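Side chains are part of it too, since the values below use all heavy atoms of this structure and drop only hydrogens, waters and symmetry mates. This one's a predicted model, so the numbers in the text were calculated from it and none came from an experiment.
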Amino acid sequence: MTQFRKSTALSRIQPAATIAITQKARDLRGQGHDIISLSIGEPDFDTPDHVKTAAAEAVARGETKYTPIPGIPQLREAIAEKFKRENGLDYAPSQTIVSTGGKQVIANALLATLDPGDEVIVPAPYWVSYTQQVEMTGAVPVVVPTREEDGFLLTPAALEAALTGKTRWLILNSPSNPSGAVYSADDLRGLAEVLERHPDVWVLSDDMYEHLIYGGVPFATMAAAAPAMKDRTLTMNGVSKAYAMTGWRIGYAAGPQALIDAMGLVQGQLTSGAARPCQWAAHAALTGPQEAIARQREVFQGRRDLVVRRLNAIPGMTCPTPPGAFYVFPSCEAFLGKTTPKGRRIGTDEDFVMALLEEGGVACVHGAAFGQRPFFRVSYAASEAELTEAMNRIETFCEALI
């Protein structure tokens, strides 16, 4: 029998830990175990009715054919208007692109610009796909750890130290998955001052959690905070988090025309345009009523406060209060070296979350998956009842360690 041989590119990547742990939680449920999954970043709210109606109406009028590769004109116009209205960024519709989810936006940009040996700066903790997508191109992710005492923010000094003649991109995610960190306009200007001395380095600004910032802190994005960086910044976003549209798979971005054209060329050979009814749904989300965003943000803030309070009440656990997204990123350092009642030794953050899943019935994701030990990520995109029960289980699990 002929043996299957993986490509060199495939050998460089691993399955996303967030998806792997979520699947393990599903498997355990299928075996009859009672599992609460706080491992995936998916709002538990339903997609707004007017968005679902727009998709149904699009199908009813025959909007089911192929689309232009970079998106239907109506959605690209709505995206350009969104950037102007909410972010003070002036882009022509031709400077926007619609993709099948935010992941494809990032992949398009990296595939269009990176050669083997190029470097991409990725502050840690980072979303799991950043480093994997960089490695798929043959480029090198340069992981720069951040500190809890700095709010898990990349500092100008750390950025300067990481830059080399091979650096092509800096990836910034604010609010951050997994830490919930938020860069202020001043923070971004501090990084921009460094980048102005390195004109070949571009910024990929992942703004997917833009509308999930708490306490009245204003949102900031690089191209607006530091206008001199606009001509080498790709600003990406999507409808998945703000509008509870994860399964609709619509991400979008705006940037310099040459980059957008190059991304379109890549997309044309990979997927072509995103599904037409989903694009009309995204159009309705961006142009229709926006009140649900504030209501959901208020609910998320209450959940955040519940989870932070309960985790910090566990002896040994430390959990900072994140200003954005819907995750907390507590430290489990105090529990390393301990043993579960079933005799399982906790040597790493991955050991901690696997034991918590299998013996405590709660699925979370270890910090090492995001490039930062010894932490773990808890998603609070779940009901208050589920979160309360999950916190009870985490408390019981931690107190039983010896």
Salt bridge (charged side-chain N to carboxylate O under 4.0 Å, His left out) involving [X] - partner list, sequence neighbours excluded:
{"X": "R232", "result": "none"}
{"X": "D200", "result": "none"}
{"X": "E149", "result": "R147"}
{"X": "K230", "result": "none"}

Is there a donor-acceptor pair closer than 3.5 Å between any side-chain N or O of Q133 and the backbone N or O of A107?
yes

Counting N and O atoms only, with roles assigned by atom type, does the side chain of K241 sit under 3.5 Å from a partner on the main chain of G41, one being a donor and the other an acceptor?
yes

Is the closest side-chain heavy-atom distance between E395 and M317 below 4.5 Å?
no

Partner residues of T271 under the side chain to side chain donor-acceptor pair (under 3.5 Å) criterion, sequence neighbours left out
Q104

So, using side chain to side chain donor-acceptor pair (under 3.5 Å) as the criterion, who are the partners of Q23 when residues are at least two apart?
R26, D27

Which pairs count as side-chain hydrogen bond (donor to acceptor under 3.5 Å, both in side chains) when at least one residue sits in residues 107-119, sequence neighbours excluded?
S99-N108, N108-Q267, T113-W169, E119-T164

Strictly by ring-ring contact (aromatic ring centres under 6.0 Å, His included), give each pair with a member in [range] just once, sequence neighbours left out.
{"range": "residues 205-232", "result": "Y209-F326, Y209-Y327"}
{"range": "residues 23-73", "result": "F45-F300"}
{"range": "residues 88-122", "result": "F83-Y91"}

How long is the gap from CZ on F352 to CG on L336, to the nearest 0.5 Å?
8.5 Å

List the residues meeting side-chain contact (heavy atoms from CB on, under 4.5 Å) with T340, not counting sequence neighbours, and say none if there are none.
K342, R344, I346, A355, E359, F397, L401

T18: which residues meet the side-chain contact (heavy atoms from CB on, under 4.5 Å) condition with it, sequence neighbours left out?
A16, V128, V365, F370, R377

